[in-house]
Number of protein chains: 2
Amino acid sequence: MSADPALRREIPDATVARLPEYLRTLSRLAEDGVLSVSSEELAAEVGVRSAQLRKDLSHLGSYGVRGVGYDVETLALEISRALGLTEDWPVAIVGMGNLGHALASYSGFVTKGFRIVGLYDDDPALADEHVVGVPIRPLAELHVHHAVDPIAIGVIATPAPAAQAVCDALVGAGVSSILNFAPAVLSVPSGVDVRRVDLSTELQILAFHAQRKSLAAGDLRSAVVAQ
Amino acid sequence: MSADPALRREIPDATVARLPEYLRTLSRLAEDGVLSVSSEELAAEVGVRSAQLRKDLSHLGSYGVRGVGYDVETLALEISRALGLTEDWPVAIVGMGNLGHALASYSGFVTKGFRIVGLYDDDPALADEHVVGVPIRPLAELHVHHAVDPIAIGVIATPAPAAQAVCDALVGAGVSSILNFAPAVLSVPSGVDVRRVDLSTELQILAFHAQRKSLAAGDLRSAVVAQ
DNA sequence: AGACGTTTGTGAACCCATGCACAAAGTTGA
DNA sequence: TCAACTTTGTGCATGGGTTCACAAACGTCT
């Protein structure tokens with residue numbers, strides 16, 4: 001029987017969403033030569049409550065020492081393992097406009113775990129351009145490429161109208177994890193995982209809170225008007 | 001007394017996060033000439049349960065007609081109002097590398113509600129370059145600019161090490177809503193709102209689920225090994 | 001060795017969000 | 001006008017996530 005709780009137990013989604021942040025902070029601490037942290041210290045760095053941090057970590061196993069804290073190296077390694085970053089993940093980006101270029105050259109992509117193996121765009125003007133050493137090819141070549149060098153994660157950085165067709169092509173080639181930057185809801189068969197990142201959604205949420213703040217500030221005025 | 005529930009009642013964060021998606025879908029339907037939708041239809045388009053959609057909308061007021069559905073135009077307008085998109089929000093982007101360029105020319109930014117009023121970067125190589133008609137200027141000019149043409153929302157698209165300093169500059173100039181693309185946790189005074197979008201976090205979450213899928217597929221093998 | 005201080009891991013209470021199911025309210029058609 | 005049908009808005013139950021608070025476990029110092 002495996003003793004690793006990460007492989008046996010279910011890790012809550014909310015916890016998984018925070019693990020990358022813990023990992024990033026631990027890596028920074030390791031670079032700074034810090035050997036050990038308490039949940040209190042680490043939580044303060046990340047901006048969460050220490051109880052939440054401890055409960056999150058408890059889902060991966062018991063890697064702390066009571067009265068002492070957590071060994072930075074060990075904990076970083078265990079989080080990496082839990083997230084699956086000990087193996088590397090071949091990534092393909094479809095849509096090499098401004099955003100696609102930015103993503104391809106984003107250093108966060110290259111860092112541990114992820115490797116860009118394909119860049120796709122049907123615009124002839126981009127044909128055979130290279131970004132970070134990888135050639136841009138037409139989407140039709142996806143199948144061939146995937147057969148030779150399988151793609152684990154597909155990133156969609158096209159305009160919204162093209163997104164569903166690109167998604168279908170990725171799914172058709174066998175990709176079952178997709179990161180979608182296009183402002184469109186994708187329909188996929190079950191078993192395929194889609195995460196969406198939408199810039200304008202984030203802006204709109206900020207606008208909502210900004211509006212609330214300015215309404216609160218102008219309370220007096222509106223109260224008078226309301227009368 | 002104002003009769004608008006959006007101004008009086010509290011709208012849950014989870015609801016606010018979904019409103020932009022509802023709005024986008026309604027706008028698309030309006031373009032297609034659709035005049036009315038039921039909660040069932042709209043929910044199917046967006047990919048949520050109809051009960052959730054109705055509950056979300058009930059927080060803004062009562063804009064549906066029983067037995068009929070929602071008027072597309074009216075509902076879109078009411079969501080826009082609730083989100084604060086009826087006024088326009090001046091946005092400044094700091095950090096004009098690949099990502100900054102992509103954001104500045106992203107069409108989602110220009111669409112209703114948001115207007116780019118400033119682009120900042122201290123790299124002399126970028127000085128006086130124009131993107132979408134706006135000149136790139138050094139960060140030191142932020143204060144002056146803000147005094148003339150106030151900035152409501154600041155977008156940080158710099159590398160992580162610079163993010164906190166940029167954030168301090170924005171806050172110092174009076175910006176109280178910040179969208180942070182740098183992989184760093186920002187500390188801000190209370191009253192300032194920060195949202196973070198992190199590309200590598202999203203990738204890592206995908207990797208976690210991908211790993212879980214491949215572990216499930218290889219269950220038999222690991223079970224044998226475990227014995 | 002034993003007492004003391006520290007920090008983890010977790011049971012239990014709370015809180016928010018989701019989903020169900022139905023009454024209320026509207027339309028349509030005879 | 002009235003009955004049949006449709007769809008909203010919402011009270012209630014359920015489930016997950018967060019926070020509290022404390023016992024268990026470890027190191028340290030005498």
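Order of the sequence lines sets the chain letters (A, B, ...), proteins ahead of strands, with each chain counted from 1.
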Euclidean distance, atom NZ of residue A:K55 to atom P of C:dT8 [Å, nearest integer]: 15 Å
Candidate nucleotides D:dG17, C:dT27, D:dT8, ranked by approach to the side chain of B:R54 - the nearest: D:dT8
Euclidean distance, atom CZ of residue B:R18 to atom C1' of C:dA17 [Å, nearest integer]: 8 Å
Side-chain donor/acceptor contact of B:R49 with base of C:dG19 under 3.5 Å: no
Flag, side chain of B:Q164 to backbone of B:S187, donor-acceptor distance under 3.5 Å: yes
Side-chain N or O of B:S62 closer than 4.0 Å to phosphate OP1/OP2 of D:dG9: yes
Distance test, side-chain N/O of A:S39 to OP1/OP2 of C:dT7, below 4.0 Å: no
Distance, rounded to the nearest Å, where A:D56 contributes CG and D:dG16 contributes P: 16 Å
Donor-acceptor contact present, side-chain A:Q52 to main-chain A:R49, <3.5 Å: no
Nucleotide C:dG9, atom P - distance to OH of A:Y63 in whole Å: 11 Å
Donor-acceptor pair under 3.5 Å, A:R66 side chain vs C:dT7 base: no
Rounded distance (Å) that lies between atom P of C:dA17 and atom CD of B:Q52: 10 Å
